[in-house]
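Notes follow once the structure below has been shown.
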Amino acid sequence: MALMERELIRERPLEGRLVRLRARDLADEPLLWKWINDPEVTQNLMARYPYSHAAETEWLKTQTAPGYGEAGLGIETLVEGRLIGNIGLHRASAEDRRATLGIMIGEGDFRDRGYGTDAMRTLCRFGFAMMNMRRIELDVLATNPRAFHVYEKVGFQLEGTRREALWKFGRWIDIHMMGLHEGELRWD
């Protein structure tokens with residue numbers, strides 16, 4: 001890790017160039033509920049079914065406590081402070097020094113503008129430097145080439161494909177498995 005990146009971690013561990021990652025709050029629930037029930041948002045997620053406000057609130061309660069193998073955060077714009085999505089490292093294992101990354105940009109106006117890429121880099125940097133992760137992995141639907149491109153740009157490498165692993169939209173979808181090791185994170 002370059003000296004400049006070490007200084008950035010020390011001064012602003014959860015800030016990138018465009019985003020700030022922050023703890024989610026119960027006050028975020030209406031917006032999170034809207035996103036998880038928006039077909040445009042969930043078309044590229046594993047989610048299939050609608051969520052009630054009660055279910056979303058219960059999920060959020062489990063995600064707001066730090067630690068316990070979860071680092072679920074909100075993505076907000078650095079300048080305006082507007083919440084635009086969710087990101088997290090899940091099922092973190094101290095023994096294996098790995099976690100699974102998940103991301104969702106809920107606000108359509110902020111897709112394809114670099115916010116997701118910046119959030120990914122910021123969270124991966126945090127995972128390696130602050131959570132002592134050695135490996136971060138993720139799954140991406142084969143029907144989501146935009147996300148696949150972003151993950152490659154950040155440094156993730158394709159490690160395999162689970163063929164026809166998800167039934168959604170009346171068809172089978174392949175799931176690509178990708179991984180990023182400490183030292184492989186790309187900044188440009």
Quick check: are there more than 12 heavy atoms from other residues, nucleotides or ligands sitting under 6.0 Å from CZ of R48? yes
Near H149 NE2, under 6.0 Å, is it more than 12 heavy atoms from other residues, nucleotides or ligands? no
Check for me, please, whether [X] and [Y] land in the same ILVMFWY cluster - side-chain distances under 4.5 Å, paths through other members count.
X    : Y    : result
L180 : L158 : yes
M130 : L14  : yes
F126 : F128 : yes
Y151 : L18  : yes
L31  : L60  : yes

Distance from [X] atom [atom1] to [Y] atom [atom2], nearest 0.5 Å?
X    : Y    : atom1 : atom2 : value
M178 : E137 : CE    : CD    : 12.5 Å
H176 : T161 : NE2   : OG1   : 4.5 Å
Q43  : F169 : CD    : CZ    : 6.0 Å
W187 : R17  : CH2   : CZ    : 6.5 Å
L166 : I175 : CG    : CD1   : 5.0 Å
L185 : C124 : CG    : SG    : 6.0 Å

Indicate yes or no for a side-chain donor-acceptor contact from [X] to the backbone of [Y] under 3.5 Å, with no hydrogens or angles considered.
X    : Y    : answer
K168 : N44  : no
S52  : A55  : yes
D174 : A142 : no
R22  : G81  : no
S93  : R98  : no
E70  : R91  : yes
R146 : D112 : no
R135 : T100 : no

State, to 0.1 Å, how close [X] and [Y] come at their nearest heavy-atom pair, and which atoms those are.
X    : Y    : result
Y115 : T77  : CE2-CG2, 3.8 Å
M131 : A92  : CE-CB, 4.2 Å
T122 : L21  : CG2-CD1, 3.8 Å
I105 : R111 : O-NE, 3.1 Å
A147 : V140 : CB-CG2, 3.9 Å

For T117 and R186, run side-chain contact (heavy atoms from CB on, under 4.5 Å): C-alpha distance rounded to whole Å, both residues' side-chain angles, the deciding distance at 0.1 Å, then the answer. CA-CA 10 Å; T117 303; R186 292 189 205 133; over 6 Å; no
Does F148 form a side-chain contact (heavy atoms from CB on, under 4.5 Å) with N144? I'd like the steps, not just the answer. CA-CA 6 Å; F148 190 86; N144 192 357; over 6 Å; no
Of D118, L89, I103, I136, which meets side-chain contact (heavy atoms from CB on, under 4.5 Å) against L123? L89
Would you say the side chain of I36 lies within less than 4.5 Å of the side chain of T42, judging by non-hydrogen atoms? yes
Heavy atoms, side chains only, cut-off 4.5 Å: are R162 and D139 in contact? yes
Verdict with supporting geometry, L138 and F156, side-chain contact (heavy atoms from CB on, under 4.5 Å): CA-CA 9 Å; L138 58 82; F156 281 84; 3.6 Å; yes
Charged N to carboxylate O under 4.0 angstrom, R20 versus E15? yes
Salt bridge between K34 and E107, side-chain N to carboxylate O under 4.0 Å? yes
R113 charged N/C atom sitting above F110 aromatic ring, 6.0 Å / 45°: yes
Applying side-chain contact (heavy atoms from CB on, under 4.5 Å) to H181 and R134, what does each step give before you reach the verdict? CA-CA 6 Å; H181 284 215; R134 183 180 169 279; 3.7 Å; yes
